[in-house]
Number of protein chains: 2
Amino acid sequence: MRLTARSEYAILALVHLARREQQGYVTVRGIAEEQGIPEKFLEQILLILKRAHYVQSLKGQGGGYRLAKPARRISLAEVIRLFDGPLAPTESVSRYFYEATPIERAPRVLKVLRQIRDHVSRVLEKTTIADVM
Amino acid sequence: MRLTARSEYAILALVHLARREQQGYVTVRGIAEEQGIPEKFLEQILLILKRAHYVQSLKGQGGGYRLAKPARRISLAEVIRLFDGPLAPTESVSRYFYEATPIERAPRVLKVLRQIRDHVSRVLEKTTIADVM
DNA sequence: ACTTTAGATGACTAATATGATCGACTAAGT
DNA sequence: ACTTAGTCGATCATATTAGTCATCTAAAGT
């Protein structure tokens with residue numbers, strides 16, 4: 001029921017880049033220092049964001065990272081899912097396929113959990129980096 | 001962003017007991033077999049529920065567990081908190097005390113996360129074992 | 001008393017996730 | 001060439017999670 005450091009850091013980094021969209025490329029070190037994120041850890045995170053096309057990078061002097069798409073096209077949901085996996089409050093549905101999972105025998109419980117998941121999804125889906133920068 | 005097996009099993013066990021409130025004590029084995037929960041693991045869970053006064057137990061023949069309070073006085077929120085800790089989607093607030101935590105420098109993000117946590121809390125708080133049995 | 005039934009308790013373990021760190025490598029400017 | 005800065009793979013320590021085991025205690029039935 002909580003975010004991992006990874007997705008928190010990812011969001012912080014994206015917000016950081018969004019704020020500096022005009023300034024071209026920003027170095028990992030810069031982000032790490034200003035946001036208080038371990039540099040090497042942030043590297044990994046930015047790489048993942050890059051492979052998922054949220055950021056672009058440039059090597060060498062004057063290089064660094066910048067957003068690859070406008071901040072209002074990046075939802076918190078996407079970012080969190082990228083790092084923490086599905087938002088579902090129970091994984092039962094995906095973990096078991098053929099046998100009935102314990103909790104499935106309590107459909108009312110499942111229903112409540114689904115409603116929560118749906119609400120969380122909706123909120124995170126409609127909130128973008130631009131909204132929180 | 002998901003429940004642990006512990007709190008899922010705890011809810012299932014409570015629902016099981018609630019359904020059999022008239023029948024006096026129910027054995028761990030009975031619950032375990034019907035709900036598909038590893039018996040020894042369920043023992044641990046029931047012990048925690050007992051110490052938190054949600055269930056009562058009786059040893060020996062004819063013994064077992066039963067609810068210690070009416071099912072509609074037990075909210076899902078309480079149970080989940082008992083096993084999974086606070087429902088907050090970020091632990092920043094509790095983890096750091098004196099230094100500003102990274103994510104706190106993004107108050108808008110924090111606000112969204114708080115709203116989600118509050119919603120989740122409210123729903124789980126008002127849903128009781130009686131509602132899902 | 002004795003046996004059976006059933007919970008109580010603490011130690012232990014295996015697997016996975018999490019939060020990093022290290023070192024070597026590659027590309028881009030100057 | 002040299003410096004700057006991203007890339008990539010491996011590795012690591014710790015925590016969490018899910019569960020097991022062995023032993024002990026208490027209550028009932030005989």
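Below, read A as the first sequence line, B as the second, and so on, with proteins coming before strands; counting in each chain starts at 1. We use all heavy atoms of the structure for the numbers below, so side chains are in, but hydrogens, waters and symmetry mates are not.
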### Task
Could you check which of C/dT21, D/dA28, D/dT17 has an atom nearest any side-chain atom of B/Thr4?
D/dT17
### Task
Look at the side chain of A/Lys59 and decide which nucleotide, out of C/dA27, C/dG19, C/dA8, has an atom nearest to it.
C/dA27
### Query
D/dG19 P sits how many Å from B/Ile48 CD1, rounded?
14 Å
### Query
Can you find a side chain N or O atom of B/Ser57 that sits less than 4.0 Å from OP1 or OP2 on C/dA8?
yes
#### Entry: Check: B/Arg72 main-chain N/O paired with B/Asp131 side-chain donor or acceptor under 3.5 Å
no
### Query
Over how many whole Å does the gap from A/Leu58 atom CG to C/dA27 atom C1' extend?
9 Å
### Query
Roughly, in whole Å, what's the span from CG in B/Leu47 to C1' in D/dC24?
13 Å
### Query
Counting side-chain heavy atoms from CB outward, which of D/dG29, C/dA8, C/dA27 is closest to B/Gln61?
D/dG29
### Query
Between the base of D/dT20 and the side chain of B/Glu43, is there a donor-acceptor distance below 3.5 Å?
no
### d(CD1, A/Ile31; C1', D/dA5) in whole Å
12 Å
### Query
Is A/Glu43 paired with A/Arg29 through a side-chain N to carboxylate O contact shorter than 4.0 Å?
no
### Task
Answer with base, sugar-phosphate or nothing: what part of the nucleic acid does B/Leu46 contact at a heavy-atom distance below 4.0 Å?
nothing
### Message
When you compare the side chains of A/Ser121 and A/Asp118, does any donor N or O come within less than 3.5 Å of an acceptor on the partner?
### Response
no
### Polar side-chain contact B/Lys40-C/dG7 base: donor and acceptor under 3.5 Å
no
### Message
If you only use heavy atoms from C-beta on, which nucleotide in D/dG19, C/dT21, D/dC8 is closest to the side chain of B/Tyr9?
### Response
D/dG19
### Message
Given D/dC8, D/dT20, C/dA8, identify the nucleotide with an atom nearest to the side chain of B/Pro38.
### Response
D/dT20
### Query
Closer than 4.0 Å, any side-chain N/O of B/Lys50 to the OP1 or OP2 of C/dA8?
yes
### Query
Looking at the side chain of B/Tyr65, which of C/dG29, C/dT9, C/dG7 is the nearest nucleotide?
C/dG7
### Message
Please confirm whether the shortest side-chain N or O distance from A/Arg66 to OP1 or OP2 of D/dG6 is below 4.0 Å.
### Response
no
### Task
Send over the distance from B/Phe41 CZ to C/dT13 P, rounded to a whole Å.
18 Å
### Summary
Among the nucleotides C/dA8, C/dA27, C/dG19, whichever has the atom closest to the side chain of A/Arg6 is C/dG19
### Message
Could you tell me how far apart A/Gln44 (CD) and D/dG6 (C1') are, to the nearest whole angstrom?
### Response
14 Å
### Separation of atom CZ in B/Phe83 from atom P in D/dA18, rounded to whole Å
12 Å
### Donor-acceptor pair present, A/Arg29 side chain and D/dA5 base, under 3.5 Å
no
### Task
Applying side-chain contact (heavy atoms from CB on, under 4.5 Å) between B/Ile11 and each of A/Val109, A/Val112, A/Leu113, report the one that passes.
A/Val109
### Task
Indicate yes or no: at least one non-hydrogen side-chain atom of B/Glu78 is less than 4.5 angstrom from one of B/Tyr54.
yes
### Query
CD1 of B/Ile45 versus P of D/dT20: gap in Å, rounded?
11 Å
### Query
Do the charged groups of B/Arg20 and B/Glu34 touch, with an N to O distance under 4.0 Å?
yes
